[in-house]
Undergrad: 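Sharing a structure here in structure tokens format.
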Amino acid sequence: MNGTAVVGESALRRVAYLAVVLVAGVALLAGVLMLAPGKRERAALENERFVRSAAAMEEVARTLGEGDELGARNIGELSFETIHREDDLVYFAQGRDMDNQPYGYVWTPPGGPHWTFAEREDVRPVRGPWFEYHLNVNLTAAGRTK
């Protein structure tokens with residue numbers, strides 16, 4: 001009988017330890033989720049990173065000729081999968097979303113096309129010659145899709 005009681009105690013002790021580990025894991029996960037920035041905070045952080053990176057990005061944009069493409073790289077505080085110049089616009093592609101739609105920034109050269117994107121939901125002005133895009137097609141100077 002002594003052996004049975006020891007085995008039962010040992011099993012209960014293991015279950016208790018497992019419960020403590022599970023509760024600690026849930027508490028840790030809850031803490032991480034509470035500390036993770038929300039959508040608004042992530043957007044503000046991305047904007048700050050863009051502001052600190054824009055000058056270096058513009059330097060790269062000015063060096064690209066029509067049809068030139070650069071592979072993955074970091075510029076300033078931002079990462080890009082590709083950078084390419086097409087129709088006098090320089091696309092800084094950051095990646096693709098869950099729907100496989102590309103997103104990133106577009107630079108328009110001084111004296112280049114001046115667009116109005118009021119009716120477009122997939123492109124928004126950021127600052128000066130910079131626009132943020134989230135679309136599956138390239139832009140044209142008239143603001144239409146190709």
Undergrad: Side-chain heavy atoms nearer than 4.5 Å, only ILVMFWY residues, links allowed to pass through others: does that put Leu70 and Leu89 together?
TA: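 Cluster IDs for Leu70 and Leu89 differ.
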Undergrad: Using only atom types and a distance under 3.5 Å, with no angle test, would you say the side chain of Arg85 pairs donor to acceptor with the backbone of Gly67?
TA: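 Checking the backbone N and O of Gly67 against the side chain of Arg85, no donor-acceptor pair under 3.5 Å is found.
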Undergrad: When you compare the side chains of Gln94 and Glu132, does any donor N or O come within less than 3.5 Å of an acceptor on the partner?
TA: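 Side-chain D/A pair, Gln94 to Glu132: absent.
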Undergrad: Is it true that a side-chain atom of Asn47 and a backbone atom of Ala44 form a donor plus acceptor pair closer than 3.5 Å?
TA: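 Checked: no pair found.
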Undergrad: For Pro129 versus Glu58, what's the shortest heavy-atom pair and its separation?
TA: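 Shortest heavy-atom separation between Pro129 and Glu58 comes out as CG-OE1, 4.5 Å.
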Undergrad: Determine the minimum heavy-atom distance between Phe131 and Val126, stating which atoms define it.
TA: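 Nearest pair, atom of Phe131 first, then Val126: C-CG2, 3.7 Å.
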Undergrad: Examine Val90 and Tyr133 and state if one hydrophobic cluster contains both, with Ile, Leu, Val, Met, Phe, Trp and Tyr joined whenever side-chain heavy atoms are less than 4.5 Å apart.
TA: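 No.
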Undergrad: Kindly say whether Asp88 contributes a backbone atom to a donor-acceptor pair with the side chain of Glu66 at under 3.5 angstrom?
TA: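 Yes, the answer is positive, given that a donor and an acceptor are paired below the 3.5 Å cut-off.
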Undergrad: Look up atom CD in Glu46 and atom CD in Glu77, then write down how far apart they are to the nearest 0.5 Å.
TA: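 Between atom CD of Glu46 and atom CD of Glu77 there are 10.0 Å.
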Undergrad: Once you measure the plane-to-plane angle for Tyr105 and Phe50, does it fall in the parallel (<30°), tilted (30-60°) or perpendicular (>60°) bin?
TA: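 Answer is parallel, since the angle falls under 30°.
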Undergrad: Where is the tightest heavy-atom contact between Phe92 and Ala61, given as atom of each residue plus distance?
TA: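 Closest pair (atom of Phe92, atom of Ala61, distance): CZ-CB, 4.0 Å.
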Undergrad: For the CG atom of Leu18 and the CG atom of Leu22, what is their distance to the nearest 0.5 Å?
TA: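 The CG atom of Leu22 is 4.5 Å from CG of Leu18, to the nearest 0.5 Å.
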Undergrad: Is Leu64 reachable from Leu78 through a run of I, L, V, M, F, W or Y residues, each pair having side-chain heavy atoms under 4.5 Å apart?
TA: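 As far as the 4.5 Å side-chain criterion goes, Leu64 and Leu78 are connected within one cluster.
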Undergrad: Tell me yes or no: between the side chains of Arg14 and Ser10, is some donor less than 3.5 Å from an acceptor?
TA: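 The answer is yes; a qualifying pair exists.
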Undergrad: Mark yes when over 12 heavy atoms from residues, nucleotides or ligands other than Arg52 sit less than 6.0 Å from its CZ; otherwise mark no.
TA: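 More than 12 heavy atoms, drawn from other residues, nucleotides or ligands, come within 6.0 Å of this atom.
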Undergrad: About how many Å separate CZ of Arg73 and CZ of Phe80, when rounded to the nearest 0.5 Å?
TA: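 These two atoms lie 10.5 Å from each other.
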Undergrad: Look at the side chain of Thr82 and the backbone N and O of Ala93, then say whether any donor-acceptor pair between them is shorter than 3.5 Å.
TA: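 Between the backbone of Ala93 and the side chain of Thr82 there is no qualifying donor-acceptor contact (under 3.5 Å).
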Undergrad: What are the two closest heavy atoms between Asn74 and Ser79, and how far apart are they?
TA: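 Scanning both residues completely, I find the closest heavy atoms to be OD1-OG, 2.5 Å.
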Undergrad: Is it the case that one hydrophobic cluster holds both Val60 and Tyr91, taking links as side-chain heavy atoms less than 4.5 Å apart, direct or via other members?
TA: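 They do not share one cluster, since no chain of ILVMFWY contacts under 4.5 Å joins Val60 to Tyr91.
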Undergrad: Could you grab the distance from atom CD of Glu59 to atom CD1 of Ile75, nearest 0.5 Å is fine?
TA: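 Reported to 0.5 Å precision, the distance equals 9.5 Å.
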